[in-house]
Amino acid sequence: MLAKIDRRTVGGIGKESQVIIMIDDGDEILRLCNDLRDNLPSRDTMLVVISVACQGNAVDVLAKTKTLLLTVIQYVANHPFDDDLEPAHFLIDRLFWTEALPGWFLEATPFKEEVQVFSSTQEIWTVKAWLYWFLSPHEDRQWRWWSAPLVSSSLIEINIQINEIPFQWGSLRWALTAAGAHLVELSNWHVPK
């Protein structure tokens with residue numbers, strides 16, 4: 001079942017425009033469940049590689065992150081957006097999400113509204129802020145999971161499909177950080193010509 005197709009025109013003044021078709025939630029779920037790295041992207045697919053440094057626990061970080069993303073993306077695929085919901089009224093069912101989200105994620109991600117800074121470059125996300133990027137009809141998650149080869153026990157290279165540059169990916173960065181990643185950074189781009 002097709003949950004959502006995002007069509008964006010990429011380009012600008014003086015540039016030839018093209019349409020980027022994002023994979024739908026069903027395809028993304030298949031990619032999270034299976035190793036589809038041999039499935040090459042089409043010419044017009046924009047991919048970004050995210051390097052995820054771990055402290056010998058890359059298998060665990062990857063498994064946790066996939067489980068978390070599957071929980072939320074499957075929820076989105078089965079619960080269509082309410083386009084009439086105003087952003088100011090974005091509410092989450094705390095009891096439902098306390099039971100649905102993994103305990104390790106809830107330990108790292110508080111429900112309270114304040115965001116606490118734990119280093120000069122990283123802040124702790126709240127559950128509501130993190131879920132907003134997946135559940136709100138007013139914000140399009142600008143990335144989709146493509147593949148995630150394990151390079152070593154300390155390194156994962158996650159390939160994500162994006163629909164525009166720049167793109168918001170803090171929700172993925174936080175998922176990886178909460179799962180135990182030591183360092184998460186953009187490392188390579190495949191942008192269609």
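Counting begins at 1 with the first residue of the sequence.
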Q: Say whether Val49 and Leu155 are linked into one hydrophobic cluster, either directly or through other cluster members, by side-chain heavy-atom distances under 4.5 angstrom.
A: no

Q | Rounded distance (nearest 0.5 Å) linking atom CD1 of Ile50 with atom CG of Leu186 | A | 5.5 Å

Q | Shared hydrophobic cluster, Phe111 / Val72 (ILVMFWY, side-chain heavy atoms < 4.5 Å) | A | yes

Q | SB check Glu99 Arg94 (cutoff 4.0 Å) | A | no

Q) Under a single-linkage definition using a 4.5 Å side-chain heavy-atom cutoff for Ile, Leu, Val, Met, Phe, Trp and Tyr, are Phe105 and Val59 assigned to the same hydrophobic cluster? A) yes

Q: Go through the side-chain N and O atoms of Trp130 and Thr109 and say whether any donor and acceptor fall under 3.5 Å apart.
A: no

Q. So, for Ala181 and Cys54, which heavy atoms are closest and what is the spacing to 0.1 Å?
A. CA-SG, 4.5 Å

Q | Interatomic spacing from CD1 in Ile160 to CH2 in Trp143 - rounded to 0.5 Å | A | 7.0 Å

Q) Is any side-chain heavy atom of Val48 less than 4.5 Å from a side-chain heavy atom of Trp169? A) no

**Q.** Reported CZ-to-CD1 distance for the pair Arg144 and Ile162, which is rounded to 0.5 angstrom
**A.** 12.0 Å

Q.
Is there a side-chain contact between Arg141 and Glu28 in this structure, where contact means two heavy atoms from C-beta onward sitting under 4.5 Å apart?
A. yes

Q.
Checking the side chain of Ser154 only, and the main-chain atoms of Ala53 only, is there a donor and an acceptor separated by less than 3.5 Å?
A. no

(Q) What's the separation between atom CG in Leu106 and atom CG in Leu101, rounded to the nearest 0.5 Å? (A) 5.0 Å

Q: Take Leu69 and Leu172, measure what side chain to side chain contact (heavy atoms under 4.5 Å, CB included) needs, and give me the verdict at the end.
A: CA-CA 9 Å; Leu69 294 176; Leu172 178 58; 4.0 Å; yes

Q) How long is the span from the CD atom in Gln142 to the CE atom in Met46, to the nearest 0.5 Å? A) 9.5 Å

(Q) Quick check for you: to the nearest 0.5 Å, what is the distance between Leu47 atom CG and Ser147 atom OG? (A) 7.5 Å

Q: Tell me whether Trp146 is reachable from Val151 by hopping between hydrophobic residues (I, L, V, M, F, W, Y) whose side-chain heavy atoms are closer than 4.5 Å.
A: no

Q) What pair of heavy atoms forms the shortest contact from Pro149 to Glu157, and how long is it? A) CD-O, 2.8 Å

Q | Nearest non-hydrogen partners of Ala129 and Trp133, listed with the distance | A | O-CD1, 3.4 Å

(Q) For a side chain to side chain contact (heavy atoms under 4.5 Å, CB included) check, start with the C-alpha distance between Trp125 and Thr177, then their side-chain angles and the critical distance, and finish with the verdict. (A) CA-CA 10 Å; Trp125 284 55; Thr177 301; over 6 Å; no

Q. What are the two closest heavy atoms between Ala77 and Ile29, and how far apart are they?
A. CB-CD1, 4.2 Å

Q. Going by an N to O cut-off under 4.0 Å, is there a salt bridge joining Asp27 and Arg31?
A. no

Q) Are the side chain of Asp60 and the backbone N or O of Ala58 linked by a donor-acceptor pair below 3.5 Å? A) no

Q) Between Val184 and Trp174, is a side chain to side chain contact (heavy atoms under 4.5 Å, CB included) present by the stated rule, with each step listed? A) CA-CA 9 Å; Val184 181; Trp174 178 251; over 6 Å; no

Q. Applying the side-chain contact (heavy atoms from CB on, under 4.5 Å) test to Trp145, which of Ile73, Leu30, Ile158 qualifies?
A. Ile158

Q: Indicate yes or no: at least one non-hydrogen side-chain atom of Thr65 is less than 4.5 angstrom from one of Val52.
A: no

(Q) Does the plane of the ring in Phe96 sit parallel, tilted or perpendicular to the ring in Tyr75? Use 30° and 60° as the thresholds. (A) tilted

